[in-house]
Amino acid sequence: MEAKIPQDWHRKSATIKFPRELFINGRFVKAMSGKLFATINPATGQILAEIAEGDRYDIDLAVKAARQSFDKGLWVRMSIADRKKIMLRWLELMEKNFNDLALLETLDVGKPIRDSLAVDIPLSINCIRWYAETMDKICDEIAPTGYDSVVMVRREPLGVIGAVLPWNFPLLMATWKIGPILAAGNSLVIKPAEQSPLTTLKIAELAAEAGLPEGVLNVVPGFGETAGQALGKHMDVDCLAFTGSTEVGKYFLRYAGDSNMKRVSLECGGKSPNIVMADAPNLDVAATAAAWGIFYNQGEACSAGSRLLVEEKIKDRFLEKVIAITKKIKLGDPLDPNTGIGAIIDQKQMQRVLGYIDIGQKEGAKLLCGGKRAIEASGGYFVEPTVFDRVQPNMKIAQEEIFGPVLSVITFKDAEEAVRIANNTIYGLAAAVWTSDITKAFRTTQALRAGTIWVNSYDDGNMAMPFGGFKQSGFGRDKSLHALDKYTDWKSVWVNLKTS
Ligand code: NAP
Ligand code: MG
């Protein structure tokens, strides 16, 4: 890690180098079409860099490179000890470039530098480290048979994996895929979101420097309808790992059906309920978690606690606390280390968020704070943290994923009603319940239909804990050993020992 955290991130951003080309077969290359597209700084609305725009021809080249590296066994047949050495060298390079990675992430997506430094980059590095460490600790199986035979049940890599990714946690979502994909011995092609190609390109370059064989990790920035679709429909991609919206996730199921029946795993959207019972152990702690559960990362988090379900009799008292905390959060320049809420990713998403705020008011919800665009003179896309009270469970702002700093507050009378409201959306990514009653806590976790449930906490997790959704939040799990299931298959080998 660089020894010192810079004091002046603006000064550092004037000299930082942007990766600008596609990363295919171990090197940076131009797009075959020669086309470029702009990546914008959401805090200023200005162009940060022109990036090579990959399309289906570039995807095809990248898939060929990945296939060749896999078929030649450049990675998969390397000894585990050597693979681990490369992964560890790669981690050292990421740590050496820690501040640059944090700055690239903040400039590209508008998130506060303090979050890039404390969360995105360290968790991304930790993810790669965790999977590097699993490689020499996972054993295959021997199935029980009689004396005269042996059955080996071996976990084998699938081959070439495609990953199509979102912009909200660009590097972290990339490493959630890269870690288990490489640990299992596959090669891969990543299509980052068009808004956020920089950090993924940067770590691909560092991987090559660390000695990852060419073709094993390829990154093709470009657009969803062209490059993303080409990867989804490619006949030589064995598996497609997607993180993004539910709407686009469904396309990938179709692409698989229309092409080679590749496996698909989907990490999609959410509308996660955060349920606060009157007997919560500490309302101040719960209020802080409720505010940060939605406003962290400008509300652009798949697991954001965007529906706050509060027991009727404590609602007013509890909301006062949430609003007081919200008003203390500093909204503004992402490069200021004191900023807690930065810019929304782009103009289109900002308009979408403001549109939902408008809908909420028209539907009859009560605006308690926020509701407007902020610091417009910066040219950036800032939206005030917004809280709606008196939200009915069937309103649009209680049903649809806004993906912005907008909290919808709904009241309930008892645990049964809370669960009914909580489960009443198409999503099932995450949920939380706050109570001191252990039976109520367990019963609620049993009844909630979500992939992750927190009790007396919001958004905690570690690498050992799988992450993913129920219902239309998708299927398949990131993180933990379960992520390996998506990128491997079991091969059974029956060996007959009887010679006569
Ligand atoms: P998105 O619009 O669904 O885009 C995700 C990726 O799909 C992008 O790379 C996008 O390319 C690509 N894409 C778009 N249209 C496509 C098409 N027709 N064919 C193939 N690929 C296509 O999602 P987003 O706006 O980037 O991210 C926000 C969403 O991600 C939210 O719904 C959020 O909940 C979800 N998310 C889920 C998780 C999770 O773990 N469950 C984590 C983070 C985010 P372009 O960039 O060109 O549009
Ligand atoms: Mg950008």
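Just so you know, residue 1 is the first one in the sequence shown, and it goes up from there.
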So, for Val153 and Asp140, which heavy atoms are closest and what is the spacing to 0.1 Å?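 Nearest heavy atoms, Val153 then Asp140: O-CB, 3.4 Å.
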
For the residue pair Ala430 and Pro273, what are the closest heavy atoms and their distance?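 Where Ala430 meets Pro273 most closely, the heavy atoms are O-CD, 3.3 Å.
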
Do NZ/NE/NH1/NH2 and the carboxylate oxygens of [X] and [Y] come within less than 4.0 Å?
| X | Y | answer |
| --- | --- | --- |
| Lys262 | Asp236 | no |
| Lys202 | Glu205 | yes |
| Lys440 | Asp279 | yes |

Working for side chain to side chain contact (heavy atoms under 4.5 Å, CB included), residues Val237 and Val189: CA-CA 9 Å; Val237 169; Val189 178; over 6 Å; no

Val285: side chain to side chain contact (heavy atoms under 4.5 Å, CB included) partners, not counting sequence neighbours: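 Asn282, Trp434.
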
Answer yes if the ring centres of Phe467 and Trp176 are under 6.0 angstrom apart, and no otherwise. yes

Between Phe470 and Phe475, ring centroids under 6.0 Å: no

Would you check if the side chain of [X] reaches a backbone N or O of [Y] as a donor-acceptor pair within less than 3.5 Å?
| X | Y | value |
| --- | --- | --- |
| Thr175 | Leu172 | yes |
| Ser69 | Ala66 | yes |
| Lys177 | Met173 | no |

Apply side chain to side chain contact (heavy atoms under 4.5 Å, CB included) to Ile125 and Phe98, showing your working. CA-CA 9 Å; Ile125 291 176; Phe98 190 95; 3.9 Å; yes

May I have all residue pairs that pass salt bridge (charged side-chain N to carboxylate O under 4.0 Å, His left out) and include part of residues 142-159, sequence neighbours excluded?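 Sorted result for residues 142-159: Arg154-Glu156, Arg155-Asp485, Glu156-Lys491.
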
Could you walk me through whether Leu158 and Arg263 satisfy the side chain to side chain contact (heavy atoms under 4.5 Å, CB included) test, starting with their C-alpha distance in whole Å, then the side-chain angles of each, then the deciding distance to 0.1 Å, before giving a yes or no? CA-CA 10 Å; Leu158 293 176; Arg263 282 128 201 260; 3.7 Å; yes

Let me confirm one number: the OG-NZ distance from Ser116 to Lys111, rounded to the nearest 0.5 Å. 5.5 Å

Is the number of heavy atoms from other residues, nucleotides or ligands under 6.0 Å of Ile438 CD1 greater than 12?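 No, the 6.0 Å shell around CD1 holds no more than 12 heavy atoms from other groups.
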
If you apply the rule salt bridge (Lys or Arg N to Asp or Glu O under 4.0 Å), what do you find for Asp258 with Lys233, and how did you get there? CA-CA 7 Å; Asp258 288 344; Lys233 287 187 173 165; 5.3 Å; no

Chi angles and distances behind the side chain to side chain contact (heavy atoms under 4.5 Å, CB included) call for Tyr427, Glu401: CA-CA 9 Å; Tyr427 298 111; Glu401 186 182 45; 4.0 Å; yes

Of Pro170, Pro192, Pro197, which is the lone residue that meets side chain to side chain contact (heavy atoms under 4.5 Å, CB included) with Asp108?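 Only match with Asp108 under side chain to side chain contact (heavy atoms under 4.5 Å, CB included): Pro197.
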
